[in-house]
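Everything on this sheet refers to the single structure shown next.
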Amino acid sequence: MRQILVTSALPYANGPIHIGHLVEYLQTDIWVRFQKLMGNRCIYICADDTHGTAISLRAQKEGRSEEDLIAEMSEAHQRDFAGFGIEFDNYGSTNSEESRQFCHEIWQSLRDADMVVEQDIDQLFDVEKGVFLADRFVRGTCPVCGSEDQPGDNCDKCNATYSPAELINPVSTLSGSTPEVRSAKHLFVQIEKLHDFLAEWTQSGTLPSESANYLRNFFLNEPLRDWDISRPGPYFGFEIPDSPGNYWYVWFDAPIGYIGSTQQWCDANGEKIEDWWKSDQTEIHHFIGKDIQYFHTLFWPAMLKTAGFSLPTKVHIHGFLTVDGEKMSKSRGTFVQASKYLEHLDPSYLRYYYATRLSSKVEDLDLNPEEFVSKINSDLVGKVVNLASRTAKFIKDTGLSAEYPDDGGLFETFAGRGSEIAEAYEAGDYSKAMRMIMELADQANPYVENNAPWELRKDPDKAQELQDVCTVALNLFRTLAIYLAPVLPDLAEKAGELLGEDLNSWELAGAPVTGRPIAKFKHMMQRVDPKRIEVMIEESKEENEAEASSAPTGDWDDSDEAIKADPIADEISIDDFFKTDLRVARIVGANEVPEARKLVQLTLSLGGDETRNVFAGIKSAYQPEELVGRLVVMVANLAPRKMKFGVSEGMIVASGPGGKDIFLLSPDDGAVPGQRVG
RNA sequence: GGGGCUGUAGCUCAGUGGUUAGAGCAGGGGACUCAUAAUCCCUUGGUCGUCGGUUCAAGUCCGACCGGCCCUACCA
C-alpha cells in the first residue's frame with residue numbers, strides 16, 4: 001500500500017472559485033479518489049492562500065478586516081468545492097499558527113545554510129495609502145521610449161524593461177497619487193547555491209517534460225537570481241522573526257501552507273508530520289497550473305531541500321481553461337463562477353467533461369458547449385446509464401442470476417482492461433482512461449440489443465434467459481461505474497444503491513456479482529439541456545455587467561473600471577495640448593506585417609500627396625482589408641521611430657486595453673483627411 | 001529573435017517503424033420500441049500540413065519549410 005500526500009495549489013482568498021480553477025481541483029480530486037479506490041493511503045491537502053497586498057486592498061475597500069475577509073472567502077471556497085464533490089482531507093489557511101511555525105522552521109534552515117542576504121531596494125511608495133507598491137500597481141511613462149501609461153516593469157511599446165522607480169511620472173493605480181521613491185531593506189534567498197541540485201532534480205522525471213525543458217532552457221542555463229522574499233510593512237502576512245518590520249512575501253508562505261494544513265490533519269487524526277513530510281515512504285504529489293510552475297519547481301524544492309523536508313515525488317502541471325477556444329471572458333459571460341454553474345448544471349457533467357480533456361501534458365483545455373452536451377448525453381446517459389435503465393426493471397423481482405451466465409467473454413474483456421485504465425488514471429491521462437471506458441461501453445449496448453430482453457420476457461419459458469441477460473448487462477454497467485467512480489462518485493453511489501453494495505474498491509470490477517436483489521431503478525443522471533448552459537452564460541454576463549457598473553452616472557451605467565485602472569494624468573496647458581498635432585487621415589493602404597505579432601503596416605493619407613507610413617499595434621483587433629478606406633485620427637507630428645520592420649511616422653489614435661479590445665477613433669461624417677483635430 | 005507544444009475524417013481526438021489509417025460525435029440509409037426522442041445495424045467521409053531524407057517498410061524516425069497555440073525576450 002502506498003502512502004501518498006496530494007495537494008492542489010492554494011486558491012487565493014481574493015475572489016470566488018470559477019470554472020477555470022476547477023480544472024485543477026477536479027483533476028486532483030479524481031486522482032485522489034482513484035488512489036483511495038486502489039486501496040492506497042492517500043490524503044488530499046489544501047488551504048486558502050490568504051496573505052499579500054491584494055487581500056489588504058480588498059478588505060480596505062470593503063471596510064473590514066483582512067481576517068474577516070479571508071474567513072468568509074474560505075467558507076465560500078469550501079462550499080463551492082463541496083458542491084463539485086471535491087473532498088479534501090484537510091482544508092486549512094496560510095494564516096494559521098501551524099503555517100507560521102513551519103515558516104519559522106524553514107526560514108531558520110535557510111539562515112543556517114547561510115542562504116539569506118540583505119539588500120536595500122528602491123521602491124515606489126504610495127504616500128496616500130501608506131504602502132510600498134508592487135510593480136503592477138504602478139504605471140507611468142517609459143524611460144526609454146517615452147510612451148505614456150506603461151506598466152511598472154516593462155514597456156508595451158518598446159519592450160524595454162526597467163524598475164518602477166525609473167518610470168517618468170509614475171502613478172499609483174491604487175490612489176492615483178504620485179508615489180515617491182523610498183529605500184527599503186529586502187531579504188533575498190540565494191537559491192543559486194542549490195543550482196546543481198535543482199538542475200538535476202528538475203530533469204529527473206518529477207515534472208512533465210515540457211516543463212523540465214522550459215526550466216532548463218529558461219532558468220537553469222544561467223545563475224539563478226536571488227529571490228526577494230520579504231516585503232516591508234504594512235503587509236498582511238507573517239512578520240519575519242529576525243527582521244522586525246519585514247514580512248514574508250506571500251509566495252514564501254503559500255507553499256508552506258501545504259505543510260501547515262497537513263499538520264492540522266495530523267493533529268486531528270493522531271498522525272505525525274514526520275511520517276508525511278519527512279519520510280521516504282510517503283509520496284508527495286503537487287497539482288498546479290503552468291502559471292506558477294517556477295515557484296513549485298525551483299524555490300519550493302530549494303526550501304524543502306534546505307530544511308530537510310521530502311521533495312515532491314511528482315509535480316503535475318496543467319494548462320489553462322479556454323471556453324469555445326477563447327480565454328474566459330467576463331464580458332462574454334464565460335467567466336462562470338462555480339456557484340453559478342451549480343445553480344444550473346450537475347457537477348458530474350463538468351467532472352466528466354474535464355476528465356475527457358485532461359492528459360499528463362501541459363496543455364490548455366477547451367470547454368466547448370456543444371461538445372460538452374454531446375459528451376454527457378451520448379457517453380454517460382446514452383451509453384452507460386442507459387444500460388441499467390433498460391434492463392434493471394426486468395429483474396427487479398428476481399434479482400441477479402445465482403450463477404454468472406455465459407456472456408461470450410464480455411465481462412472478462414471488461415475486467416481485463418482494468419489495469420490499463422488504472423495506469424492511465426495513475427499517469428494523469430484521464431482522457432485516455434475515459435476513451436478506454438467508452439470503448440467498453442460501446443460493446444455493452446449491442447449485447448443487450450442482440451439478446452432482446454423485451455422479447456424474452458414475453459415468453460415465460462425464457463425467464464431464466466431473461467434473468468441471465470439482465471445479469472450480464474447490469475454487471476457490465478457495474479464495472480463501468482467502478483471505472484468511472486473517481487470521476488463520477490455520484491454515479492458510483494447510485495449504481496451501488498441499485499446493486500445493494502458499496503462500490504468503494506477498484507478490485508470489485510474484477511469479478512461479477514450474482515444472486516442478489518436489485519433495487520427499483522431510479523434515474524441516475526439527467527440529460528444536459530443546452531438551454532441551461534445558455535442561461536448560465538447569460539446570467540454570468542449580466543452579473544458581471546451589474547458588478548462592473550457599480551458606480552453608475554446618468555442613464556448610461558458606464559463602469560468606472562477603465563478610469564480607475566488608469567487615472568487622469570497631470571494637468572497641462574492648452575499650449576501643451578496643441579503641441580500634439582492630431583489630424584484626420586484616411587487609411588489608403590494596410591498590410592500585414594507577418595513577422596510582427598501586434599503590428600499592421602498602414603499608409604495614411606493626409607490629402608493630396610501627403611502620406612505617412614505608420615505601424616499600428618492593432619493586428620489582434622483589425623484585419624488589414626477592413627481598414628482600407630476608413631478615416632482615423634493620427635498624431636501627425638510624432639518623431640519618426642525606426643522599428644524592426646521600417647520607420648513609423650506617426651500614431652493612430654485608439655482606446656482599449658489591447659488584444660481584441662482595441663477601438664480606433666473615427667471622425668463623424670464630413671471630416672476630410674488633413675483637417676486638424678483640436 | 002529564442003524556446004516548448006501542436007498539425008490525422010465536417011468536429012473532438014486515438015494510432016509501441018509492419019496487412020487495406022481508426023473511434024466517438026455530426027451527416028446519410030435502415031431496424032427496434034426495453035430504455036431519459038434513449039439503442040442497434042449499415043453507410044458517406046482522409047494526398048495523415050508541405051517537401052526532402054533514412055529504411056525492405058514512414059502517419060510514426062531525421063531535416064527543412066508552412067500554419068496554430070503557449071511561454072519569453074536583444075539572453076541561451
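Letters A, B, ... are given to chains in the order of the sequence lines, protein chains preceding strands, and every chain is numbered from 1.
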* To do: Using the C1' atoms only, state how far B:G7 lies from B:U12, rounded to an integer number of Å.
  => 14 Å
* Asked: Within the structure, does a side-chain N or O atom of A:Lys383 lie under 4.0 Å from either OP1 or OP2 of B:U39?
  -> no
* Could you give the distance separating B:U50 and B:A21 at their P atoms, to the nearest angstrom? => 16 Å
* To do: Would you please confirm or rule out a distance under 4.0 Å between OP1 or OP2 of B:A38 and any side-chain N or O of A:Arg527?
  => yes
* Asked: Expressed as a whole number of Å, how far does the C1' atom of B:C65 sit from that of B:A23?
  -> 32 Å
* Looking at the side chain of A:His523, which of B:C70, B:C11, B:U36 is the nearest nucleotide? -> B:U36
* Taking only the side-chain nitrogens and oxygens of A:Arg357, find out if one of them lies under 4.0 Å from OP1 or OP2 of B:C13. => yes
* Compare the minimum distances between each of B:C70, B:C34, B:U12 and the side chain of A:Glu371, then state the nucleotide with the smallest one. => B:U12
* Give the nucleotide from the list B:U36, B:C34, B:G24 with an atom nearest to the side chain of A:Asp379. => B:G24
* If we take the P atom in both B:G29 and B:U36, what is their distance in whole Å? -> 26 Å
* Asked: How far apart are the C-alpha atoms of A:Trp31 and A:Tyr425, what are their side-chain angles, what is the distance that settles it, and do they pass the side chain to side chain contact (heavy atoms under 4.5 Å, CB included) test?
  -> CA-CA 7 Å; A:Trp31 203 78; A:Tyr425 271 120; 5.8 Å; no
* Using atom P of each nucleotide, how far apart are B:G46 and B:A37 to the nearest Å? -> 35 Å
* C1' atoms of B:A9 and B:G63, separation to the nearest Å -> 29 Å
* Structure fact -> By the Watson-Crick or G-U definition, both distances under 3.5 Å, B:G7 is matched with B:C66
* Structure fact -> What residues 431-467 of chain A contributes to the RNA chain B interface at heavy-atom separation below 4.0 Å is A:Arg435, A:Asp442, A:Asn445, A:Pro446, A:Glu449, A:Trp454, A:Glu455, A:Arg457
* Same-atom distance (C1') from B:G15 to B:A31, integer angstrom -> 32 Å
* **Residue closer to the 5' end of RNA chain B, A:Glu210 versus A:Met525 (nearest nucleotide)** => A:Glu210
* **Most 5' of A:Phe394 and A:Ser378 on RNA chain B, judged by nearest nucleotide** => A:Ser378
